[in-house]
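Okay, structure first, notes after.
Convention: sequence-line order gives letters A, B, ...; per-chain numbering from 1.
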Number of protein chains: 2
Amino acid sequence: MPGQTSRPATITDVAARAGVSVPTVSRVLTGAARVSPDKRRLVEAAISELRFRPSAAARVLASRRSQVIAVIAGETSRYGYAETIRGVEEAARAVGYTVMITVVESADQDELDRAMSATLSQPIAGVIVLKFDPPGVAALHRVPADLPVVALSGVREKNIAQAVLDETRAAEELTAFLLGLGHATVHHVRVPPSRREDGRTTGWRRALRKAGAEVITPYDATWEPRSGRAIGHEIAADASVSAVFCGNDEIAMGVVRGLNDQGLRVPEDVSVVGFDNHPLAEMWSPALTTVEQDFAGMGRRGFDLLAQLVNGEDGRTFSSERPRLLVRDSAAAPAPQRG
Amino acid sequence: MPGQTSRPATITDVAARAGVSVPTVSRVLTGAARVSPDKRRLVEAAISELRFRPSAAARVLASRRSQVIAVIAGETSRYGYAETIRGVEEAARAVGYTVMITVVESADQDELDRAMSATLSQPIAGVIVLKFDPPGVAALHRVPADLPVVALSGVREKNIAQAVLDETRAAEELTAFLLGLGHATVHHVRVPPSRREDGRTTGWRRALRKAGAEVITPYDATWEPRSGRAIGHEIAADASVSAVFCGNDEIAMGVVRGLNDQGLRVPEDVSVVGFDNHPLAEMWSPALTTVEQDFAGMGRRGFDLLAQLVNGEDGRTFSSERPRLLVRDSAAAPAPQRG
DNA sequence: CTGAAAGCGCTAACAA
DNA sequence: TTGTTAGCGCTTTCAG
């Protein structure tokens, strides 16, 4: 008998073919109740013969439960973002969840709502927000209260489940390391901050204060490595700079390049350190001293937190990890003729 | 009157509040039919007072249409992958679609089906497959026939809608450029290929054949820059190598670094070129000669193709773009003492 | 232009 | 253990 139309099989088709009722098929699908071995076998056979795939939409509607989570982020392709998302996806996939990506480009209310509404009207079990930047911060505050939420970031926030990387402590440690090398102070190149001040800047400032070193206004970079290069040119012209802490490795590479453009050598003339341990940081010449950040791990921890919330288990609502200092070749004692 | 429970408002609530029937609310939601201005106003007021968001699940179930597409990929965070996904997401968001990410780590049938079934049971309008690697290729062949599909890649395939970047032509051009500089032949470092041979390798071979140059077996790198560095060490030991074409910029940076480790200079001793125009390629010393690949653009074009299929419009089913050669500083005429 | 009625494919009580 | 009966929240006929 030919002519089966290619309409996807439904649970009703399966039930008919297996000679059982629809709920029985549902039972073998969900495992919610016991089914006799022979009926189960019949149902399973029917399922595979018909290539039946249950409709998630119908399922969600009837059960009010979903196996999808949304990740809301200001970007998706820069190193830290991409790795974090990768971690979330991995952890989600391991337990049968799918992840939906929502990019929020602006912190503007209307634009935000427009971007989010498409996602929020989807049947999602929960939301993970990458609170890395202003759009992320804004998005966090517009997630409906009835939806489980986890924020991922470098800075702690009250009353919200959160997985963080303790950037503040790590930045403090890195800055102290530079000071320990003998530098009078450490200059700072910021990446775009999520609020007034990010953890890296706070840690840097704290280390300088503790050491009684002068706190010089940071340079502001964009996410583009070439903005670091331009700052490198500025720094080269300022003989008082002997050590520079950059908000991330890509900017650090730009700064090194900018310094080199002007004939300065790293670390002989100026020490430069980065943050994140980007895959290319160790390939760079000189290999970058930096801080290793386990973004994927944070993503995984974030998903675990969310899964807890979704399942109504209690447990920790906060997960923090301390990034690790990676001493390589881009920092050394200050040159006598500079600083 | 307090005590509204926080149960999300449904279309029925809105209808009641606006004093109209449910279908009328539906009409203003979908715009499928004309509604008198006053009723429309009433409905809109009720919607915003109740903070009503239509349930996508119910909508999909009733209308059999979805505003979600799935992206299936072997990875998500390496440069080309991340940028491609970014392009798809951008184009999708612009027209109110949401994207779901599915990572397929292996080409193994069972593992693939497991990874894909979670996504395929979701109500999706179509699928975009990143056919960049073996898992991607395998995934493409397991997408149900009734689902609109677009493949994204560097190599053309029959009978399937596809957006590509013409890597073969670009690689040929790049190799010819090196040959034109006076190199007797060009060595090649491959990145993990999606099948037997990727477009970059094919283009390289073609250029060598046309020029009558010797075709030497390529080195095989992984996606990790450090694998390039190890290959750089090998190349340094082989004085016959004067020009190297690397499968991507990250590997090229590794190779340059490996060459430098052994005291060789680029491009004075050996010319090295990459592929992709990674954001750090121009920061590198020397700035990398490479090929600019518009991955995000390919992602966008892919989505547009998919949207066509979903909407049942006819039109082009293939979209190709030619990457652009970017001459910078990492390639020069061969050194007399090598090659 | 509008409402009544039916049904999308599934799960959740409830009996049997 | 199994089937029957009701919906989940929406869109889609079909009348009017």
Point to revise | Residue-phosphate contact under 4.0 Å: B:R65 side-chain N/O, D:dC10 OP1/OP2 | key: no
Review point. Contact class for A:V60 (heavy atom, under 4.0 Å): base, sugar-phosphate, or nothing?
Key: nothing
Review point. Roughly how many Å is it from CZ in A:R7 to P in C:dG7, rounded to a whole number?
Key: 15 Å
Check your understanding: Whole-Å distance between D:dC10 P and B:Q67 CD?
Key -> 15 Å
Exercise for review: Measure the distance from CD on A:Q122 to P on D:dC10 and round it to the nearest whole Å.
Suggested key: 13 Å
Check your understanding: Under the side chain to side chain contact (heavy atoms under 4.5 Å, CB included) criterion, do B:T119 and B:M116 qualify, and how do the steps go?
Key -> CA-CA 5 Å; B:T119 297; B:M116 290 177 66; 5.7 Å; no
Check your understanding: The side chain of A:V20 lies closest to which of these nucleotides: C:dG9, D:dC10, D:dG3?
Key -> D:dG3
Point to revise | Nearest to side-chain heavy atoms of B:K39, which nucleotide of C:dT2, D:dG9, C:dA4 | key: C:dT2
Check your understanding: Side-chain N or O of B:S21 less than 4.0 angstrom from OP1 or OP2 on C:dG3?
Key -> yes
Exercise for review: Go through B:Q67 and B:R59 one step at a time and tell me if the side-chain hydrogen bond (donor to acceptor under 3.5 Å, both in side chains) criterion holds.
Suggested key: CA-CA 10 Å; B:Q67 297 263 89; B:R59 238 168 164 169; over 6 Å; no
**Study point:** Check: B:R301 side chain, B:V164 main-chain N or O, donor-acceptor pair, under 3.5 Å
**Key:** yes
Review point. Quick one: which of D:dT11, C:dC10, D:dG9 gets closest to the side chain of A:R64?
Key: D:dG9
Practice item. Write down the distance between CD1 (A:I11) and P (C:dG7), rounded to a whole number of angstrom. Key: 18 Å
Exercise for review: For B:R17 and D:dG9, give me the distance from atom CZ to atom P, rounded to whole Å.
Suggested key: 18 Å
Check your understanding: For C:dT11, does OP1 or OP2 lie under 4.0 Å from any side-chain N or O of A:S63?
Key -> no
**Study point:** Check: A:Y81 ring centre within less than 6.0 Å of A:F295 ring centre
**Key:** no
Check your understanding: Counting side-chain heavy atoms from CB outward, which of D:dG9, D:dT4, D:dT11 is closest to A:L61?
Key -> D:dG9
Revision key, fill the gap. Ranking A:P23 and A:R34 by the position along DNA chain D of their nearest nucleotide, the one closer to 5' is A:R34
Exercise for review: Counting heavy atoms from C-beta on, name the nucleotide in D:dT1, D:dC10, C:dG9 closest to the side chain of B:T10.
Suggested key: D:dC10
Check your understanding: Please give, in whole Å, the distance from C:dG9 C1' to A:L50 CG?
Key -> 14 Å
Review point. Expressed in angstrom and rounded to an integer, what is the separation of B:L29 atom CG from D:dC10 atom P?
Key: 8 Å
Check your understanding: Would A:M100 and B:V68 count as a side chain to side chain contact (heavy atoms under 4.5 Å, CB included) if you check the C-alpha gap in whole Å, the side-chain angles of each, and the deciding distance to 0.1 Å?
Key -> CA-CA 9 Å; A:M100 209 159 229; B:V68 177; 3.7 Å; yes
**Study point:** Donor-acceptor under 3.5 Å (A:R53 side chain, B:S117 main chain)
**Key:** no
Check your understanding: When we call it a touch if two heavy atoms are under 4.0 Å apart, what does B:V25 touch: a base, just sugar-phosphate, or nothing?
Key -> nothing
Check your understanding: Among D:dC10, D:dT2, C:dC8, which nucleotide sits nearest the side chain of A:S36?
Key -> D:dT2
Check your understanding: Which nucleotide in the set D:dC14, D:dC8, C:dT11 lies at the smallest distance from any side-chain heavy atom of B:R27?
Key -> D:dC14
Check your understanding: When you check the phosphate oxygens OP1 and OP2 of D:dG3, does a side-chain N or O of A:T24 lie under 4.0 Å from one of them?
Key -> yes
